[in-house]
Novice: 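Pasting a structure below so you can have a look.
Here the structure is a predicted model, which means the values were calculated and not measured. Worth knowing before you read on, the calculation uses all heavy atoms, side chains too, and leaves out hydrogens, waters and symmetry mates. In what follows, every chain begins at residue 1, and chains take the letters A, B, ... in the order their sequences are listed.
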Protein chains: 2
Amino acid sequence: MGQESSYKDKKVISIGVVSELTGLTERKIRYYEEKKLIYPERTNRGYRKYSFNDVERLMEIADHREEGVTTKEIKYELTRKERKEAKQKMIKGQINARFGIQKN
Amino acid sequence: MGQESSYKDKKVISIGVVSELTGLTERKIRYYEEKKLIYPERTNRGYRKYSFNDVERLMEIADHREEGVTTKEIKYELTRKERKEAKQKMIKGQINARFGIQKN
DNA sequence: CGTGTAAGGAATTCTGACACG
DNA sequence: CGTGTAAGGAATTCTGACACG
């Protein structure tokens with residue numbers, strides 16, 4: 001429970017497949033990286049690798065772009081959203097620490 | 001609940017990445033496919049694509065091979081295991097159909 | 001049977017740049 | 001600013017085959 005993210009976060013998808021999955025051109029995907037909206041990893045040889053989370057994020061980005069939202073604004077939104085989620089996670093951690101299942 | 005498999009089953013990983021993930025050579029991975037131990041999909045251009053499930057399966061195969069189990073025997077084991085899981089799933093489905101949450 | 005390897009070709013991905021607006 | 005495209009090179013993947021055992 002609460003740790004089913006292992007697959008969703010693993011960076012293993014090539015840009016070509018991400019392009020198919022999202023409908024975005026590779027050019028756009030690379031551009032959003034340049035603008036720090038997304039952070040793929042790299043293989044030894046420098047090929048980009050994305051996670052399913054990245055794919056979802058790219059689809060959100062695409063939706064916003066279609067509505068005319070600039071990359072800068074999208075970045076702001078995305079960052080805000082992340083802070084919020086990180087906070088939720090932390091609170092949950094604190095609760096578990098006091099009332100949750102003991103680890104030993 | 002019970003349908004978190006979407007990522008695990010999606011075929012999106014190239015053979016090169018699968019090779020890194022499993023430690024198997026591409027030759028071996030292709031051979032296991034030839035022997036029907038695994039069923040990757042293909043991109044438009046014919047490149048193999050694997051799921052995380054396939055990766056796990058390959059690691060099981062690797063373990064068995066290390067112990068000297070032949071591909072034929074492994075295939076038998078894997079098939080048996082699948083039948084078992086399919087059965088569980090079906091039973092669960094029947095229970096839900098009678099006592100589970102209504103769909104309409 | 002299971003796996004390595006060299007072979008040749010086709011498709012992928014990468015970067016930096018010019019273009020348009 | 002956001003995206004297309006042509007450019008040249010490097011790395012990936014594919015198949016069929018020969019090798020060994």
Novice: Report yes if some heavy atom in the side chain of A/Lys81 is under 4.5 Å from a heavy atom in the side chain of A/Lys84; otherwise report no.
Specialist: no

Novice: Would you mind listing every ring-ring contact (aromatic ring centres under 6.0 Å, His included) that reaches into residues 49-83 of chain A, with sequence neighbours excluded?
Specialist: A/Phe52-B/Tyr7

Novice: Determine, for A/Arg30 against A/Glu26, whether the closest basic-nitrogen to carboxylate-oxygen distance falls under 4.0 angstrom.
Specialist: yes

Novice: Could you tell me whether the phosphate oxygens of D/dC14, OP1 or OP2, come under 4.0 Å of any side-chain nitrogen or oxygen in B/Arg48?
Specialist: yes

Novice: Which is true for B/Thr43 with a 4.0 Å heavy-atom rule: it touches a base, it touches only sugar-phosphate, or it touches nothing?
Specialist: nothing

Novice: So B/Arg27, base contact, sugar-phosphate only, or nothing? Heavy-atom distance under 4.0 Å.
Specialist: base

Novice: Is a side-chain donor or acceptor of A/Glu73 paired with a backbone partner of A/Thr70 at a separation under 3.5 angstrom?
Specialist: yes

Novice: Output the rounded distance in Å from CD (B/Glu66) to C1' (C/dT3).
Specialist: 14 Å

Novice: If you compare every side-chain N and O of B/Arg45 against the phosphate oxygens of D/dT12 (OP1, OP2), does one of them come in below 4.0 Å?
Specialist: no

Novice: At under 4.0 Å, does any side-chain N or O of B/Arg30 touch on OP1 or OP2 of C/dT3?
Specialist: no

Novice: Quick one: do B/Ile15 and B/Ile61 end up in the same hydrophobic cluster if we chain Ile, Leu, Val, Met, Phe, Trp and Tyr together by side-chain heavy atoms under 4.5 Å apart?
Specialist: yes

Novice: Report yes if at least one side-chain N or O of A/Arg42 is closer than 4.0 Å to OP1 or OP2 of D/dA11; otherwise report no.
Specialist: no

Novice: Between B/Glu33 (CD) and C/dT3 (P), how many Å, whole number?
Specialist: 15 Å

Novice: Look at A/Ser14 and C/dT13 and indicate whether a side-chain polar atom (N or O) is within less than 4.0 Å of OP1 or OP2.
Specialist: yes

Novice: Could you please name the option among D/dG4, C/dG2, D/dC14 that lies closest to any side-chain atom of B/Thr70?
Specialist: C/dG2

Novice: Report the nucleotide, chosen from C/dT3, C/dT15, D/dG2, that has the shortest atom-to-atom distance to any side-chain atom of A/Thr71.
Specialist: D/dG2

Novice: Distance check needed: D/dA17 P versus B/Glu34 CD, whole Å only.
Specialist: 12 Å

Novice: Roughly how many Å is it from CD in A/Glu67 to P in D/dG2, rounded to a whole number?
Specialist: 15 Å

Novice: Checking A/Thr22 side chain against A/Val18 main chain: does a donor-acceptor pair fall under 3.5 Å?
Specialist: yes

Novice: Can you tell me which stems DNA chain C forms when a stem means 3 or more consecutive Watson-Crick or G-U pairs under 3.5 Å?
Specialist: C:2-5 with D:17-20, C:17-20 with D:2-5

Novice: Specify the separation, in whole Å, of atom CD1 of B/Ile15 and atom C1' of D/dT13.
Specialist: 8 Å

Novice: Rounded to whole Å, how long is the line connecting atom CG of B/Asn44 with atom C1' of D/dT13?
Specialist: 15 Å

Novice: Round to a whole Å and report the spacing from CD1 of A/Ile61 to P of D/dT3.
Specialist: 11 Å

Novice: Taking the side chain of B/Glu26 as its heavy atoms from C-beta onward, which of C/dC14, C/dT12, D/dT13 lies nearest to it?
Specialist: D/dT13

Novice: Of the nucleotides D/dA10, D/dG2, D/dG4, which one has an atom closest to the side chain of A/Tyr31?
Specialist: D/dG2

Novice: I want to check one thing: is the phosphate of D/dG2, taken as OP1 and OP2, less than 4.0 Å away from some side-chain N or O of A/Tyr32?
Specialist: no

Novice: Salt bridge or not between B/Glu60 and B/Arg57? Use side-chain N to carboxylate O under 4.0 Å.
Specialist: no

Novice: If the test is salt bridge (Lys or Arg N to Asp or Glu O under 4.0 Å), which one of B/Lys75, B/Lys28, B/Arg42, B/Arg27 qualifies with B/Glu33?
Specialist: B/Arg42

Novice: Quick one: B/Ile29 CD1 to D/dT13 C1', roughly how many Å, whole number?
Specialist: 12 Å

